[in-house]
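Chain naming here is simple, since letters A, B, ... match the order of the sequence lines and numbering starts at 1 in each.
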Amino acid sequence: MNPLLKSIFSANFVFATLRVTTPILFPAIGVAITSLSGSVNIALEGIMLVSAFTGVVVSAFTGSLWLALIFGILAGVGMAALLGYFHLNLKADIIIAAIALNMFASGITVFLTYIFAHDKGTTSSLKSLVFPSVKIPIIDKIPVIGRMFSGLNILTYVALISVIVFYYLIYKTPLGLRIRAVGQNPDAAESVGVDVKKVKMYSLLLSGFFGALGGLYLSMGYVSWFSRDMTAGRGFIAIAAASIGGNLPLGTFFGSLLFGIVNTLAIFLATLKVPSELIQMIPYVTTVLVLAVYAIQKSVRSGGEE
Amino acid sequence: MDTILSIRNIVKVYPNGVVANKGISFDIEKNTIHALVGENGAGKTTLMKILFGIEKPQEGKIIYKGKEVHFKSPLDAIHNGIGMVHQHLMLAPDLTVAENLTLGIEPRKWKVFLDTKKAVDIAKRVSEEFGMEVPLEKRVRDLPIGIRQRVEILKALLRNAELLILDEPTAVLTPQETEVLFKTLFDLKKHGKTIIFISHKLKEVKAIADRVTVIRDGKVIATEDAGSLTEHEIAELMVGREIRFERIPPSPKVGAPLLKVKNIRYRNKENVEVLKGVSFEVRSGEILGVAGVEGNGQTELVEILTGLRKADEGSIVINGEEVIGKTPREIREKGVSHIPEDRMKNGVAENAKIKENLIVDRYYKNPFSKGMFVDWKFITKYSAKLMKDFNVLATSPDALVSSLSGGNIQKVVVARELSMNPSVIIADQPVRGIDVGSEELVHRLLNEARDKGSAIFLVSADLDEVLELSSRIIVIYNGEIVARFDDVEGLTGKDLGPYMLGVKREA
Ligand SMILES: Nc1ncnc2c1ncn2[C@@H]1O[C@H](COP(=O)(O)OP(=O)(O)OP(=O)(O)O)[C@@H](O)[C@H]1O
Ligand SMILES: [Mg+2]
């Protein structure tokens with residue numbers, strides 16, 4: 001068999017795909033939750049950046065992974081709270097507020113990187129901790145399966161569990177029911193005394209929480225440093241992933257997985273003698289294609305009505 | 001009898017300066033059905049929103065069960081036992097009936113989880129107590145409007161409402177559904193509830209109300225026993241002048257067919273054959289009325305005629321030209337106007353101005369546009385004139401459609417559609433939610449259009465309207481035309497009923 005094909009049909013490929021999917025799945029869950037509540041959150045890019053940066057710096061200066069986790073999450077949730085404040089209290093357009101936050105995140109992290117690491121590009125001069133990899137007891141011993149699913153970063157497992165948490169949150173809790181009601185008909189929710197603003201705020205904070213985990217994984221799991229704009233559009237790809245999945249738990253998971261697979265393919269193809277710029281284009285082109293196919297299919301399905 | 005609610009001297013001024021309530025006072029007795037009637041924009045919905053804590057009055061008092069109350073939010077009103085079913089329904093479409101019913105007061109398991117079973121139980125208990133059956137585990141989206149409304153009423157009852165406000169509940173119901181609703185309301189009265197009922201259909205008011213309050217231009221004109229007033233008297237109190245209800249004379253001259261529909265077939269997404277070969281013609285100078293219980297293919301037929309939906313088979317010829325496959329704009333350009341059944345969905349852009357809505361189909365033509373630019377000055381003048389002609393009550397052509405009362409929104413749609421000099425008019429429930437005075441106006445305008453040579457295709461759930469306006473009538477049942485009446489003189493609802501219900505059909 002062709003060596004490239006062989007490497008694609010290997011246990012390594014599955015393992016790599018899960019690694020690559022993680023930083024898309026986290027923000028995609030965040031996007032999905034806010035979309036269900038009827039707001040569009042395009043600030044995941046900025047949320048992840050700020051959390052990724054905070055995690056690295058806190059871990060480098062305190063030597064504590066726990067503190068890094070806590071502050072990383074606080075930073076992400078704080079960004080989301082800011083977005084909620086602009087949008088819900090000051091009545092700013094949520095898209096514009098999110099764009100502002102994304103630009104702010106990109107700028108402030110570069111600035112602070114320079115302050116802390118004396119470098120405008122990366123924090124590699126700081127010694128960041130990373131989240132550990134874990135071996136899953138029994139699965140680890142199974143020949144091929146073990147190499148696919150065991151030994152991944154702990155946050156990857158957290159991401160997979162988050163899909164289940166997302167499901168329970170949305171379908172099995174009062175908050176989830178209210179989030180869906182607010183997204184479908186805010187007036188209806190309001191008319192029975194549901195505090196629409198509060199529900200929207202909660203859903204934004206939740207998206208900040210999941211986005212933060214995505215950011216922390218990027219800088220303290222995927223690699224062990226922060227570099228400028230390291231999210232590289234994942235916060236936007238997450239929007240595509242969630243919307244392909246109809247903002248539903250399993251759908252969001254498969255949407256993210258699809259982009260994970262494509263990105264991994266791009267990495268594996270990099271060994272070929274093809275200009276790397278072309279290969280790096282693959283994930284983005286796929287995004288556009290997938291969204292186009294999705295939109296066409298949707299309009300066909302509704303039979304031209306509405 | 002006890003007074004449950006006293007309204008004293010309520011004044012409401014909206015931020016845009018409209019004085020919607022100008023010192024309204026009346027009492028509502030416990031355990032009665034109290035009707036509230038008045039022209040479009042008279043201030044009925046505004047008053048109800050005040051009772052329900054959505055709007056705050058500038059002046060006045062509300063005394064509820066002997067105590068003065070100031071509701072800060074609907075939640076306050078709900079806690080005090082007031083429930084409201086809004087003019088436009090308030091349900092989350094993708095949630096189940098049980099979920100909608102318990103939203104905001106969800107029963108819980110271990111504090112954090114929803115107790116779905118208990119929610120269904122609670123919902124079932126109220127629905128059984130009041131004898132109102134609803135499919136608890138179905139999604140609201142999949143229910144017909146009559147059932148959805150029942151869900152809304154249950155929503156209020158579940159929260160222990162004693163005073164139930166229903167804002168034009170029958171506007172969107174078929175006559176059959178209305179009957180079911182009335183049975184429910186009578187039952188509720190037996191259970192000791194008090195009901196405020198708003199409607200423009202005076203026949204309904206006579207049928208179920210104990211008392212009637214008429215308001216005109218934000219003021220109470222009369223509060224009387226419903227039995228002591230005739231429909232006609234109520235109508236005149238509402239409008240403040242004499243009105244004539246008379247059968248419209250047949251058109252002077254009927255010309256060539258302008259709309260020819262042949263053998264239209266259509267299957268919907270669920271693969272149900274909704275239209276099974278429908279054919280008819282409408283000639284210049286006549287109104288062809290469609291009688292039928294809603295949901296027998298009328299909606300689909302109208303959407304196919306106007307290009308919003310594609311037929312699977314058949315031909316539609318307008319002014320001698322085949323229009324199947326043409327876009328709605330191309331069809332409009334052939335002189336076809338359309339008054340859609342759902343004004344909020346297909347009739348207006350809610351958050352745009354009145355004038356923008358009025359010219360949205362013609363802005364690119366002279367004189368609305370000169371060269372590359374839209375002439376707003378002209379459009380404002382033009383819109384002001386249309387608003388006057390069609391009796392649209394609003395502060396100015398620049399007012400947002402969303403700030404208008406329900407009936408005035410309908411008039412904006414009618415004004416746009418009838419002012420384009422149409423040669424074919426597709427009118428689907430043209431007077432839905434319009435008061436009797438304006439109803440007369442719209443009917444007169446339809447007639448004028450007819451006499452000027454338009455061909456009018458009229459669909460209405462209101463049989464009286466069809467009988468009153470039509471030159472000819474067809475009856476549609478289950479996607480087929482089951483009867484045709486070329487002579488409508490002396491025809492009554494009784495003659496059409498058996499065809500509409502599918503028990504009889506012409507050979
Ligand atoms: N939110 C709002 N802002 C400004 N003006 C409003 C608003 N809502 C209603 N109005 C105005 O207040 C007046 C009364 O409106 P209201 O909705 O109470 O009438 P209504 O009696 O319910 O009429 P309809 O029978 O057409 O429903 C109208 O002139 C309307 O344009
Ligand atoms: Mg109203």
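Among residues 193-211 of chain A, the residues having any heavy atom closer than 4.5 Å to a heavy atom of chain B are, in sequence order, G193(A), V194(A). Applying a 4.5 Å heavy-atom cutoff, the residues of residues 113-127 of chain B that approach chain A are F113(B), L114(B).
Side-chain contact between R180(A) and L95(B) is present, with at least one heavy-atom pair separated by less than 4.5 Å. With a 4.5 Å cut-off on side-chain heavy atoms, R159(B) and V192(A) count as touching.
In this structure, A92(B) and N185(A) approach most closely via the heavy-atom pair CA-CB, 4.2 Å. Among all heavy-atom pairs drawn from K155(B) and S191(A), the shortest one is NZ-OG, 3.9 Å.
Counting non-hydrogen atoms of neighbouring residues, nucleotides and ligands closer than 6.0 angstrom, the CZ atom of F71(A) reaches no more than 12 such neighbours. Heavy atoms from other residues, nucleotides or ligands lying under 6.0 Å from OH of Y14(B) number more than 12. With a 6.0 Å radius and a threshold of 12 heavy atoms from other residues, nucleotides or ligands, E137(B) has its CD atom at or below the threshold. At most 12 heavy atoms of other shown residues, nucleotides or ligands fall within 6.0 angstrom of atom CD1 in I154(A). For I138(A), the CD1 atom counts as loosely surrounded, since its 6.0 Å shell holds 12 or fewer non-hydrogen atoms of other residues, nucleotides or ligands. Other residues, nucleotides and ligands place no more than 12 heavy atoms under 6.0 Å from the CE atom of M103(A).
When each of E106(B), K109(B), R108(B) is checked for heavy-atom pairs under 4.5 Å with chain A, E106(B) comes out on top. In terms of heavy-atom pairs under 4.5 angstrom with chain A, the leader among I54(B), I78(B), N346(B), D94(B) is D94(B).
For L89(B), the part lying under 4.5 angstrom from a heavy atom of chain A is the backbone only. Only the backbone of L91(B) comes within contact range of chain A, judged by heavy atoms closer than 4.5 Å.
Judged by distance alone, with hydrogens and angles left aside, the side-chain atoms of R178(A) form a donor-acceptor pair with the main-chain N or O of G104(B) at under 3.5 Å.
If you take CZ on R141(B) and CD on Q184(A), they are separated by 7.5 Å, rounding to the nearest 0.5 Å.
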